[in-house]
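Scope of the values below: all heavy atoms of this structure, side chains included, with no hydrogens, waters or symmetry mates.
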Amino acid sequence: MSLNYIKNFYEGCLKPPTVIGQFHTLFFGSVRMFFLGVLGFAVYGNEALHFSCDPDKREINLFCYNQFRPITPQVFWALQLVIVLVPGAIFHLYAACKSINQECILQKPIYTVIYILSVLLRISLEVIAFWLQIHLFGFQVKALYLCDAASLGKKMTIIRCMVPEHFEKTIFLIAMYTFTVITMVLCIGEVFEIVFRRLCFLVRQ
């Protein structure tokens with residue numbers, strides 16, 4: 001019995017009841033995760049090692065880098081991907097435990113409403129992540145970062161630091177913003193598809 005739960009959960013996650021949902025899973029799972037996992041590591045993997053300030057001392061570089069990056073972009077985007085997946089995963093786990101197939105989701109009102117709520121929660125989480133990304137990283141990575149080192153007790157309270165590969169990071173930021181917008185549009189489209197297919201089901205009855 002537990003193997004059937006796992007099978008239903010696995011199939012539900014990979015094949016949502018809507019066409020747009022399936023495309024969202026493909027886009028989310030393959031393109032976005034590949035982009036983050038492969039290119040994200042290439043762009044941000046050695047950023048802390050190449051981040052240098054004037055004067056170029058290890059303690060100053062480390063202090064200013066922590067100020068420059070309260071959280072690394074790879075960690076933030078990885079958390080975003082995991083958190084956004086949670087609503088859908090919870091729904092499909094519930095559907096697997098109740099042996100709810102994909103057709104029942106669109107035919108029975110209670111399942112349709114629950115699924116729509118999971119999609120709306122997913123949209124809300126994407127919006128929150130989008131806002132946090134703007135707050136943390138902005139839209140552009142500048143080549144020069146001015147670090148406030150007053151708490152270190154140094155003579156120079158403002159220290160100039162060089163950000164490595166700033167142009168590549170700017171392009172990557174824009175790409176991640178674009179991916180977030182695309183996934184939000186797909187989620188909104190999925191809600192409309194569910195409502196449309198539900199209406200068509202009611203008309204055929």
Side-chain angles (χ1 to χ4, degrees), residues 20 23-88 119-191:
I20 296 178
F23 183 77
H24 172 268
T25 300
L26 176 66
F27 178 81
F28 196 98
S30 59
V31 178
R32 198 173 178 183
M33 288 186 178
F34 174 83
F35 194 86
L36 176 59
V38 177
L39 297 182
F41 180 79
V43 174
Y44 291 96
N46 297 318
E47 183 182 46
L49 296 176
H50 297 151
F51 188 87
S52 60
C53 301
D54 184 19
D56 190 6
K57 295 182 179 180
R58 185 178 182 278
E59 63 172 15
I60 294 177
N61 291 344
L62 183 60
F63 176 85
C64 289
Y65 181 75
N66 289 335
Q67 187 181 116
F68 174 66
R69 293 281 190 222
I71 180 173
T72 58
Q74 310 102 295
V75 172
F76 175 84
W77 289 320
L79 287 173
Q80 177 186 357
L81 294 182
V82 172
I83 292 172
V84 169
L85 284 173
V86 169
V119 176
L120 292 176
L121 180 56
R122 194 192 314 158
I123 296 172
S124 301
L125 292 173
E126 288 281 15
V127 171
I128 293 172
F130 191 83
W131 178 83
L132 285 174
Q133 185 176 341
I134 294 173
H135 180 71
L136 290 170
F137 310 124
F139 290 95
Q140 181 182 11
V141 180
K142 297 181 180 179
L144 183 65
Y145 175 73
L146 300 179
C147 172
D148 184 3
S151 59
L152 286 177
K154 302 294 183 182
K155 293 181 179 179
M156 296 176 59
T157 56
I158 302 298
I159 296 176
R160 293 156 52 94
C161 300
M162 300 299 296
V163 180
E165 292 99 23
H166 63 96
F167 183 69
E168 291 181 9
K169 292 179 174 64
T170 298
I171 294 176
F172 200 89
L173 270 179
I174 294 173
M176 294 306 293
Y177 281 123
T178 303
F179 288 153
T180 302
V181 171
I182 290 174
T183 52
M184 284 192 290
V185 171
L186 289 175
C187 289
I188 294 171
E190 187 175 7
V191 172

> Rounded to the nearest 0.5 Å, how far does CD1 of Ile83 lie from CD1 of Ile128?
Replying inline: 9.0 Å

> Can you say whether the rings of Phe51 and Tyr145 are parallel (under 30°), tilted (30 to 60°) or perpendicular (over 60°)?
Replying inline: tilted

> Taking atom CG of Leu125 and atom CG of Leu120, what is their separation to the nearest 0.5 Å?
Replying inline: 11.0 Å

Can you give me every donor-acceptor pair (side chain of residues 133-144, partner residue at least two apart or in another chain, under 3.5 Å) with its distance?
residue: Gln133; atom: OE1; partner: Trp77; partner atom: NE1; Å: 3.3

> If every non-hydrogen atom of Asp54 is compared with every non-hydrogen atom of Ile159, which pair is closest and at what distance?
Replying inline: O-CG2, 3.2 Å

> Roughly how far apart are Leu62 CG and Glu59 CD, rounded to 0.5 Å?
Replying inline: 9.0 Å

>> Evaluate Leu132 against Gln80 for side-chain contact (heavy atoms from CB on, under 4.5 Å), listing each step before the verdict.
In response: CA-CA 10 Å; Leu132 285 174; Gln80 177 186 357; over 6 Å; no

> Looking at CG of Leu79 and CD of Gln74, how far apart are the two atoms once the value is rounded to the nearest 0.5 Å?
Replying inline: 11.5 Å

> For the atom pair CD1 (Ile158) and CG (Asp148), what is the distance rounded to the nearest 0.5 Å?
Replying inline: 4.5 Å

>> Check whether Asn61 reaches the backbone of Ser52 with its side chain - one donor and one acceptor, N or O, closer than 3.5 Å.
In response: no

>> What's the separation between atom CZ in Phe76 and atom CG in Leu81, rounded to the nearest 0.5 Å?
In response: 10.0 Å

>> Whether the side chain of Glu126 engages the backbone of Val84 through a donor-acceptor N/O pair (distance < 3.5 Å, no angle test) should be reported.
In response: no

>> State whether cysteine residues Cys161 and Cys147 meet the disulfide criterion of an SG-SG distance below 2.5 Å.
In response: no

> When you look at Thr183 and Phe179, which way does the side-chain contact (heavy atoms from CB on, under 4.5 Å) test go after all the steps?
Replying inline: CA-CA 6 Å; Thr183 52; Phe179 288 153; 5.5 Å; no

> What residues form a side-chain contact (heavy atoms from CB on, under 4.5 Å) with Val127, not counting sequence neighbours?
Replying inline: Ile123, Met184

